Amino acid sequence: MAVTEKTSRDAAGEVDVAGAARTRHPLRWVASLVLLVLAAQLVHLLVTNDNFEWGVVGRYFNASIIGQGIATTLELTVIAMAVGVVGGVLLAVGRLSENRLLRTSCGLYVWFFRGIPVLVQLVFWYNLSALLPRVSFGVPFGPEFVSGETNHLITPLFAAILGLGLNEAAYMAEIIRGGLLAVDPGQTEAAHALGMSDARTFRRIVLPQAMRFIVPPTGSQVINMLKATSLVSVIALADLLYTVQSIYNRTFQTIPLLIVACLWYLLITSVLYVGQSFIERHYARGATRNAPQGFWDFVLMRRRAQLPPTTPEVPS
């Protein structure tokens, strides 16, 4: 042991650092120069090209009709995500069930809705009346309690909620199932050894640890849902994109109105990202030595800060 330590010290002492120099990275400078040139060209294009019509952008940015479209977009995002989260929890529990029939049924649901594009689902639900002219509720193969015309029941808003919510439930099911499976099974065994019931073990032990794996992808799904609401313009639902389209179809100011939509989408998704970063910080406390990445850290490409190591307490 002493010979090994002496050899290591001798080898370290032979290293000559007098002529050490910083490693040069010429490709980094070339890449930075290219990016600066491209950024300058972009700024020049934005300033000198009159076709952007920034005056029109400013006039419609705060218009009341645009605000109504934004309200519809946010309302649809919240309702569809609520349907997706509730359905995802039920499907995830079913996928983890010991009942083979239930597990297979939930797996088929996930397979079906993840395999069909959202746009196709929206168009299908909107045209459901071609398949079922009437919709009724009652005893299966028995008397009907409530019935009505499908065209009256399936409004554009309801079709959008069905298309987006049912599709989102399939993705949330896999996110929640993955988060629950990421928790060490030993945690459940230890809780049962302490006499905790299954429900209390899930609520106090498994779920808080699984949230660290569920929250980040769920936040990304909320942002994706907000952007996916733009697809409902094909079924004539007056969301943000449809409102913008209805305006530029009359005024022929296509580019300025699309810029208005892009700016609002960027603003809302930025707010959602900030909220997601705070939630991630809450659930990541004590679970990692790297500080959770904030919004400006993401934008400015900063490295995550190292949290100070915890010093174990020495019993007296």
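Computed from a prediction, not measured in an experiment: that's the story for all the values here. Because only heavy atoms are used, hydrogens play no part in the values below, and waters and symmetry mates are left out as well, while side chains stay in.
Shown here are the ring-ring contact (aromatic ring centres under 6.0 Å, His included) partners of Phe278, two or more places apart in sequence or in another chain: there are none. Every residue meeting the side-chain contact (heavy atoms from CB on, under 4.5 Å) condition with Leu45, not counting sequence neighbours, appears here in chain and number order: Asn49, Phe52. For Gln245, there are no side-chain hydrogen bond (donor to acceptor under 3.5 Å, both in side chains) partners at least two apart in sequence or on another chain. Scanning for side-chain contact (heavy atoms from CB on, under 4.5 Å) contacts around Ser197 gives Ala199, Arg200, with sequence neighbours left out. Checked against side-chain contact (heavy atoms from CB on, under 4.5 Å), Met225 has the following partners two or more places apart in sequence or in another chain: Thr77, Ala80, Met81, Leu164, Glu168.
The backbone N or O of Pro208 sits nowhere less than 3.5 Å from a side-chain atom of Arg212 that would complete a donor-acceptor pair.
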Distance-only donor-acceptor pairs under 3.5 Å for side chains of residues 107-117, two or more places apart:
residue: Tyr109; atom: OH; partner: Leu166; partner atom: O; Å: 2.9

Name the atoms and distances for all side-chain donor-acceptor pairs under 3.5 Å in residues 33-42, with sequence neighbours left out.
none

If you look only at distance, which donor and acceptor atoms sit under 3.5 Å apart when one is on a side chain in residues 234-244 and the other is two or more places apart or in another chain?
residue: Asp239; atom: OD1; partner: Tyr242; partner atom: N; Å: 3.0
residue: Thr243; atom: OG1; partner: Asp239; partner atom: O; Å: 2.6

Using a 3.5 Å cut-off and no angle test, enumerate the donor-acceptor pairs between side-chain atoms of residues 125-133 and protein atoms at least two apart in sequence or in another chain.
residue: Asn127; atom: ND2; partner: Val123; partner atom: O; Å: 2.7
residue: Ser129; atom: OG; partner: Asn151; partner atom: OD1; Å: 2.9

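Sorted by first and then second residue, the salt bridge (charged side-chain N to carboxylate O under 4.0 Å, His left out) pairs involving residues 121-141 (not counting sequence neighbours) are Arg134-Glu144. Sorted by first and then second residue, the side chain to side chain donor-acceptor pair (under 3.5 Å) pairs with a member in residues 171-191 read Arg95-Glu174, Glu174-Arg177, Gln187-Gln209; sequence neighbours excluded. Residue pairs satisfying the salt bridge (charged side-chain N to carboxylate O under 4.0 Å, His left out) criterion with at least one member in residues 33-61, sequence neighbours excluded, are absent.
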